[in-house]
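Some notes on the structure that comes next.
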Amino acid sequence: WGVQVVAKIMSTYPERADVIEKACYALRGLSIKNQVNCGLMHRYDIHKMTLDAMAQHSTEGTRFWVNTVRLLLNMCKAGKQYAEDIQRAEGDMRIIEVIYANTEDDAVVKFCCRVLERLATRSTYMSILENSVIHALNPALSRGEEHAESVVAVMKVIDRLAQFSRTNSEAMGIFIAENAHKAVVSCVKEHRSNASILAPAIECLCQLSHDHHCSSTIVRLGVVEVVRDALEELAYDEAFCLSALNLLDRLAFNSSNITAIVESGVIHEATETALTYIDSVGIVSRYLSSSSRVCSFKNTAIRLAPDVIPAMIKIMGNFLDDQTMLLASFAALGSLTFSPQTAVLVAQKSSELTQKTMKQHIRDKQLQKAALEYLSSLFLQPKAAEDAILKTTIMPTVVQILKAHDDVLIENVLNVLQHASMSTNSVKTYMKEHSIIQDLKDAKIKFGTVPSLVEQIDVIIESILTPKIDPNELNFAQAKKEDYVDTAKIWKEEKKNVEKGYVISNKLKNFLIAGMEIKIHHKKHGPIDTHLHVSKNLKNIVWTKGLAGAKAKGMGTWRMRRVRAGYNKEDFHKKAGFKTKIPMADRCFLLMGEDATIPFECPTEPTRNRWVKALEALKLHHKENRKLATDYITDGVYKGFQARI
């Protein structure tokens, strides 16, 4: 009966503000956590009479507004249907009018915001935005720390509205037009040391940054620098750290923000935070996501490598039992394989952890597939593939899956083996020595009914058996010196000082080791096809007289006197001239040693010039690094000869 009596009093004396205020106070007490009483109030239209009284007595004081607004808040808490009825009765407009009239009253603004937070739903958020709620709330964001409760309440309303608006361009247009993102950024800068305000403000910016325009503006206004400083000052607050990493991850979605994120140094602080809370799945997963987005760009990955790579490896090692975190780790490490330099740095240690993961979760097909996809991406970088395969035992683990003939994983395994077979000659030799070709042939028999798999297996076998490298297709990445990251700096290892000297480039070294088919001119038998190459240790120059299994001949690199382009009869010690065809001067070069001069003829002049350049570089390489080669005194006697005697 009490609710009915109070309702009758409110309908009888609507012009009496003091009566309405006392009635709302009484009903507020009856409505606390009591759904039955709230149902009776709804039946007697208490919410409509309250809203009408708020419109009629717009100049009343704080006590009147607190009691009326809190009564509406209790009814909203009691059930979703009551909040919808208040919204249909234009309750949001009344609440916004109250905020406009009482901007300086913290208690009134706080409870009004709590009501708006309850009224905002997926079906009503647009009408609330159209009623200029952002314009009403913006002034409260500029208030000081003594008004923290009202500022936080305002942030929560904007955050909730932004959650529903982030996929609606029209709704986000209202936020942008009324400068909601700029007001929140100003609040963040003003309260950068107050975690109670900063955390909800960061969450609010995270929702607003789903729009690319808002995201770019937020970064341009300096929020990233604030987040960096706050991660250092408020590192003790785990909830804030999670909010900050959420925002960083969201901002990294916009590629135009990557440069600002890298320049600010926030990734270093984020790394320290992730390692501090390494057992927190939320913080670590957000760190992996944000850092992987930033490192997917080559230049940024190289720059952030000292911070990011050890942290990712440590995180992966800490979550070897967690499938979700392992999947996130593989995705993050995959972003480091796009750059040859970072791929080499991460190859060995990540392969060791990948092997442990594959053995520990042998029945988890999803995780096995993610691990194989990561290895496939890693092996696309030749040097990284060589380090991973030759310095770890990851390849036997992959081959074991191949032998199991798993229908689900066979395509991923073949991709890994194909990329490995295309990497370097050392890897090809390893695959030959470990009978991987035979395992591939067995798999070919098993999956003989699948043409695509049979074709891919044939390609892999052919790639393993083909050590030749066409010099015209050599495409080694020419990175600048500053692009390379010192391995000792990454893994904190001591590095021995090596005397400076000329070292032959990888491009020329691979060219010499692979060699090519050219012609050697024999004075008696004429031009003969031969395969000219240099041994792997760069100590011998080797060629064959003919390609049909003839015994190889060679010359020690230290015996090489010089290499001359073209042909000159005076270069021969014995009887000059050829009895058969003379070498073409523009394609010929002479390999001049202590005891003999060997004429070779290349198919083209550019190829001849490449050989001359490579052999001269080889001579200089041995002179500077081996201390054994090619210095002669005036009479032609090798200096080191007397020393050896």
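Reckoned from all heavy atoms, side chains included, excluding hydrogens, waters and symmetry mates.
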What I'd like to find out is whether the side chain of [X] reaches to under 4.5 Å of the side chain of [Y], using heavy atoms alone.
X: Met54; Y: Trp65; answer: yes
X: Cys187; Y: Met155; answer: yes
X: Leu40; Y: Gln4; answer: no
X: Leu248; Y: Ile267; answer: yes
X: Thr68; Y: Cys24; answer: yes
X: Glu21; Y: Glu60; answer: no
X: Phe175; Y: Leu208; answer: yes
X: Val262; Y: Ile258; answer: yes

Where the side chain of [X] meets the backbone of [Y], is there a donor-acceptor pair that is under 3.5 Å apart?
X: Arg143; Y: Glu104; value: yes
X: Thr300; Y: Val294; value: yes
X: Ser335; Y: Cys295; value: no
X: Glu233; Y: Ser193; value: no
X: Asp249; Y: Leu245; value: no
X: His47; Y: Leu71; value: no
X: Asn318; Y: Lys314; value: no
X: Ser339; Y: Asn299; value: no
X: His210; Y: Gln207; value: yes
X: His57; Y: Asp18; value: no

For a quick check under 3.5 Å, do [X] and [Y] share a side-chain donor-acceptor pair by atom type?
X: Arg28; Y: Asn74; answer: no
X: Asn254; Y: Ser216; answer: yes
X: Thr273; Y: Glu232; answer: no
X: Thr271; Y: Asp307; answer: no
X: Asn138; Y: Glu178; answer: no
X: Thr124; Y: Ser127; answer: no

Identify the two heavy atoms, one from Leu119 and one from Ala83, that lie closest to each other, and give their separation to 0.1 Å.
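In terms of heavy atoms, the two residues are closest at CD2-O, 3.4 Å.
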Which atom of Phe297 lies closest to which atom of Ser255, heavy atoms considered
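In terms of heavy atoms, the two residues are closest at CZ-CB, 4.0 Å.
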Show your working on side chain to side chain contact (heavy atoms under 4.5 Å, CB included) between Ser291 and Met312 and close with a plain yes or no.
CA-CA 9 Å; Ser291 58; Met312 286 187 178; 3.3 Å; yes
Hey, is [atom1] on [X] packed in by over 12 heavy atoms from elsewhere, all under 6.0 Å?
X: His42; atom1: NE2; result: yes
X: Glu84; atom1: CD; result: yes
X: Arg88; atom1: CZ; result: yes
X: Tyr25; atom1: OH; result: no
X: Phe253; atom1: CZ; result: yes

Going through the checks in order, is the side chain to side chain contact (heavy atoms under 4.5 Å, CB included) test met by Phe319 and Thr324?
CA-CA 9 Å; Phe319 288 97; Thr324 304; over 6 Å; no
Between [atom1] of [X] and [atom2] of [Y], what distance do you get to the nearest 0.5 Å?
X: Ile128; Y: Met93; atom1: CD1; atom2: CE; result: 12.0 Å
X: His181; Y: Met172; atom1: NE2; atom2: CE; result: 8.5 Å
X: Leu72; Y: Leu51; atom1: CG; atom2: CG; result: 5.5 Å
X: Ile95; Y: Gln87; atom1: CD1; atom2: CD; result: 10.5 Å
X: Ile197; Y: Arg192; atom1: CD1; atom2: CZ; result: 13.5 Å

Derivation of the side chain to side chain donor-acceptor pair (under 3.5 Å) call for Glu90 and Asn131
CA-CA 10 Å; Glu90 297 184 346; Asn131 289 331; over 6 Å; no
Between [X] and [Y], is there a side-chain N and carboxylate O pair less than 4.0 Å apart?
X: Asp85; Y: Lys48; answer: no
X: Arg303; Y: Glu263; answer: yes
X: Arg166; Y: Asp211; answer: no
X: Lys156; Y: Glu117; answer: no

Check whether NZ of the Lys or CZ of the Arg Arg160 lies under 6.0 Å from the centre of the six-membered ring of Tyr125 and within 45 degrees of that ring's axis.
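No, Arg160 does not sit over the ring of Tyr125.
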Would you please test Lys110 and Asp105 for salt bridge (charged side-chain N to carboxylate O under 4.0 Å, His left out) and show each step?
CA-CA 9 Å; Lys110 178 177 68 175; Asp105 195 323; over 6 Å; no
Go through Met358 and Thr354 one step at a time and tell me if the side chain to side chain contact (heavy atoms under 4.5 Å, CB included) criterion holds.
CA-CA 6 Å; Met358 296 174 73; Thr354 301; 3.9 Å; yes
Begin with the C-alpha distance, continue with both residues' side-chain angles, and end with the deciding distance and a verdict on side chain to side chain donor-acceptor pair (under 3.5 Å) for Asn37 and Ser31.
CA-CA 6 Å; Asn37 287 347; Ser31 63; over 6 Å; no
Indicate every side-chain donor-acceptor pair of residues 372-380 with a distance under 3.5 Å to a residue at least two apart or in another chain.
residue, atom, partner, partner atom, Å
Tyr374, OH, Ser350, OG, 2.6
Ser376, OG, His419, ND1, 2.8
Ser377, OG, Thr337, OG1, 2.6

Name every donor-acceptor pair, under 3.5 Å, that has one atom in a side chain of residues 235-243 and the other anywhere in the protein, sequence neighbours excluded.
residue, atom, partner, partner atom, Å
Asp237, OD1, Ala239, N, 3.1
Asp237, OD1, Phe240, N, 3.1
Glu238, OE2, Ser280, OG, 3.3
Ser243, OG, Glu203, OE2, 2.9
Ser243, OG, Ala239, O, 3.2

Under the criterion side chain to side chain contact (heavy atoms under 4.5 Å, CB included), I'd like the reasoning laid out for Met325 against Leu288: C-alpha separation, chi angles, the key distance, then a yes or no.
CA-CA 9 Å; Met325 292 304 299; Leu288 291 175; 4.0 Å; yes
May I have the step-by-step check of side chain to side chain donor-acceptor pair (under 3.5 Å) for Thr357 and Gln368, ending in yes or no?
CA-CA 8 Å; Thr357 300; Gln368 294 276 334; over 6 Å; no
Residue that, paired with Ile99, satisfies side-chain contact (heavy atoms from CB on, under 4.5 Å) out of Val157, Leu116, Val108, Val133:
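The passing option is Leu116.
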